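Computed from a prediction, not measured in an experiment: that's the story for all the values here. In the text below, chain A, chain B and the rest are named by the order of the sequence lines, each starting its count at 1.
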There are 2 protein chains.
Amino acid sequence: MLSKSAKYALKGVLYLAMNTNEQKRVMAKDISGPINVPPSYIAKLLQQLGRHGVVSSIKGPHGGFFLTEENKKTPLIKIIDLLDGEYRLKSCMLSLKDCNELNPCPLHRLVGNVKSDFIRSLEQTTIAELVQDIKDGKSFLPL
Amino acid sequence: MLSKSAKYALKGVLYLAMNTNEQKRVMAKDISGPINVPPSYIAKLLQQLGRHGVVSSIKGPHGGFFLTEENKKTPLIKIIDLLDGEYRLKSCMLSLKDCNELNPCPLHRLVGNVKSDFIRSLEQTTIAELVQDIKDGKSFLPL
DNA sequence: CATATAAAAGATAAAAATGTCTTTTAATAT
DNA sequence: ATATTAAAAGACATTTTTATCTTTTATATG
């Protein structure tokens with residue numbers, strides 16, 4: 001469904017959302033354990049997310065990765081698209097170039113609104129909202 | 001979403017469903033073009049599907065791959081699971097081992113019924129039904 | 001300023017997925 | 001029987017994804 005990279009990235013960002021802010025930062029190697037992702041791999045992913053404004057970071061002593069309130073407004077789809085490309089989730093089930101509503105491939109109706117609804121959720125839901133759910137006891141950690 | 005192998009396999013089986021029967025068979029190399037999949041790759045995939053009773057085949061002159069009426073009753077999920085494994089489609093969005101309805105991960109509700117509905121469709125829909133849709137002008141080729 | 005710290009960037013390695021080629025086996029037709 | 005055909009099986013090559021390691025750059029602190 002999602003690549004490992006996308007899953008790792010979502011877990012990393014979620015961890016940062018729950019455990020950091022402008023003042024309190026965490027180093028890549030300290031995220032690794034709690035989210036169960038290899039340290040140098042999560043570092044790479046967070047750096048990539050940093051370049052695109054999804055996470056924040058500061059170098060040097062007491063530096064590390066963190067999320068600003070602004071960062072937390074990132075919609076989930078942005079993280080997924082950054083790592084998997086838009087194509088993976090949004091393309092036709094059979095990767096047919098000219099499959100669309102008017103000229104649907106044999107699997108198109110089957111997937112139907114299901115997929116578009118799903119993608120809309122990912123576009124409309126932000127990291128902040130996921131955090132709120134956790135705090136409201138609607139969903140659970142650990143990652 | 002699906003691996004290339006799964007997409008290729010679905011296209012191959014769909015092509016067989018539309019163009020073959022016990023009497024009329026096609027060779028791997030003649031499927032390749034119409035469905036736009038490398039010849040030796042589709043051959044491998046069809047052999048694998050053959051081992052699991054999804055397609056039929058006969059060796060030698062006038063041999064080739066084909067689908068029996070029985071074969072056409074195969075649900076789509078079988079083809080997908082064979083190539084991608086059940087895990088890919090059915091596991092939690094974050095691949096968390098103990099995510100379930102009672103202990104949902106942060107993405108669980110978001111995906112919600114959408115995913116289970118989708119999987120149910122794949123379980124309940126057969127190749128034969130897709131063929132019927134095409135014949136009824138509800139969906140379109142080419143692959 | 002010098003030093004230590006931690007991210008950024010780059011290079012390299014390992015594993016998995018995709019794709020191709022060759023040999024073997026089974027069926028057909030002459 | 002023999003030759004031909006086409007799938008089955010296996011070996012091999014390429015590409016992509018995942019993972020690790022090393023060097024560089026920026027920042028804070030003494």
Which atoms of nucleotides 1-3 of chain D (N or O only) lie under 3.5 Å from a protein N or O atom, and what are those distances?
none

Any ion pair linking A/Arg120 and A/Glu123 (charged N to carboxylate O, less than 4.0 Å)? no
Specify the separation, in whole Å, of atom CG of B/Leu82 and atom P of C/dA17. 15 Å
Side chains of B/Thr125 and B/Pro75: does their closest heavy-atom pair fall under 4.5 Å? no
Looking at DNA chain D, which of residues 40-52 of chain B put a heavy atom within less than 4.0 Å of it? B/Lys44, B/Gln47, B/Arg51
Could you check which of D/dT29, D/dT18, C/dG19 has an atom nearest any side-chain atom of A/His62? D/dT29
Distance check, rounded to the nearest 0.5 Å: B/Ile127 atom CD1 versus B/Leu16 atom CG? 9.5 Å
Strictly below 4.0 Å: does B/Ser57 bring a side-chain N or O up to OP1 or OP2 of D/dA6? no
Verify side-chain contact (heavy atoms from CB on, under 4.5 Å) between A/Thr126 and A/Leu76, making sure each step is shown before the conclusion. CA-CA 6 Å; A/Thr126 65; A/Leu76 305 182; over 6 Å; no
Quick test: give all pairs of protein nitrogen or oxygen and nucleotides 23-26 of chain C nitrogen or oxygen below 3.5 Å, distance rounded to 0.1 Å.
residue: C/dT25; atom: O2; partner: B/Lys59; partner atom: NZ; Å: 3.3
residue: C/dA26; atom: O4'; partner: B/Lys59; partner atom: NZ; Å: 3.1

Considering every strand and a 4.0 Å limit on heavy-atom distances, what is the contact class for A/Val26: base, sugar-phosphate, or nothing? sugar-phosphate
For a quick check under 3.5 Å, do B/Tyr41 and B/Ser5 share a side-chain donor-acceptor pair by atom type? yes
Tell me the interatomic distance from B/Leu83, atom CG, to C/dA17, atom C1', rounded to whole angstroms. 12 Å
Length of the CD1-C1' vector between A/Ile31 and C/dA6, whole Å: 12 Å
When you compare the side chains of B/Asn71 and B/Thr68, does any donor N or O come within less than 3.5 Å of an acceptor on the partner? yes
Give, for atom CZ of B/Phe65 and atom OG of B/Ser57, the distance between the pair rounded to the nearest 0.5 Å. 5.0 Å
Between A/Leu2 (CG) and D/dT18 (P), how many Å, whole number? 11 Å
Give a yes/no on whether any side-chain N or O of B/Tyr8 is located under 4.0 angstrom from OP1 or OP2 of C/dT18. no
With the threshold set at 4.0 Å, does a side-chain nitrogen-carboxylate oxygen contact exist between B/Arg88 and B/Asp81? no
With a non-hydrogen cut-off below 4.0 angstrom, is B/Phe66 in contact with a base, only sugar-phosphate, or nothing? nothing
Could you tell me how far apart A/Lys7 (NZ) and D/dT17 (P) are, to the nearest whole angstrom? 15 Å
Looking at A/Leu67, is its backbone amide N or carbonyl O close enough to the side chain of A/Thr20 to form a donor-acceptor pair, meaning the two atoms are under 3.5 Å apart? yes
According to a strict under-4.0 Å criterion, is B/Lys4 in side-chain N/O contact with OP1 or OP2 of D/dT16? no
Under 4.0 angstrom, heavy atoms only, what part of the nucleic acid is A/Val37 near: base, sugar-phosphate, or nothing? nothing
Closest-nucleotide mapping onto DNA chain C: is B/Arg25 or B/Pro38 further toward the 5' terminus? I mean the 5' end. B/Pro38
B/Arg25 (side chain) donor-acceptor with B/Glu22 (main chain) under 3.5 angstrom: yes
Atom CD1 of B/Ile58 and atom P of C/dA29 are separated, to the nearest Å, by 11 Å
Tell me which nucleotide among D/dA8, D/dT18, C/dA6 gets nearest to the side chain of A/Met27. C/dA6
A/Asn36 CG to D/dT18 C1', straight-line distance once rounded to whole Å: 15 Å
I want to check one thing: is the phosphate of C/dT18, taken as OP1 and OP2, less than 4.0 Å away from some side-chain N or O of B/Ser5? yes
Donor-acceptor pair between A/Lys7 and B/Ser95 side chains, under 3.5 angstrom: yes
Under 3.5 Å, is there a donor-acceptor pair between the side chain of B/Lys90 and the main chain of B/Gly85? no
Can you check the A/Lys29 NZ to D/dT20 P distance for me, whole Å? 16 Å
Does one hydrophobic cluster hold both A/Met27 and A/Ile58, with members joined at side-chain heavy-atom distances below 4.5 Å? no
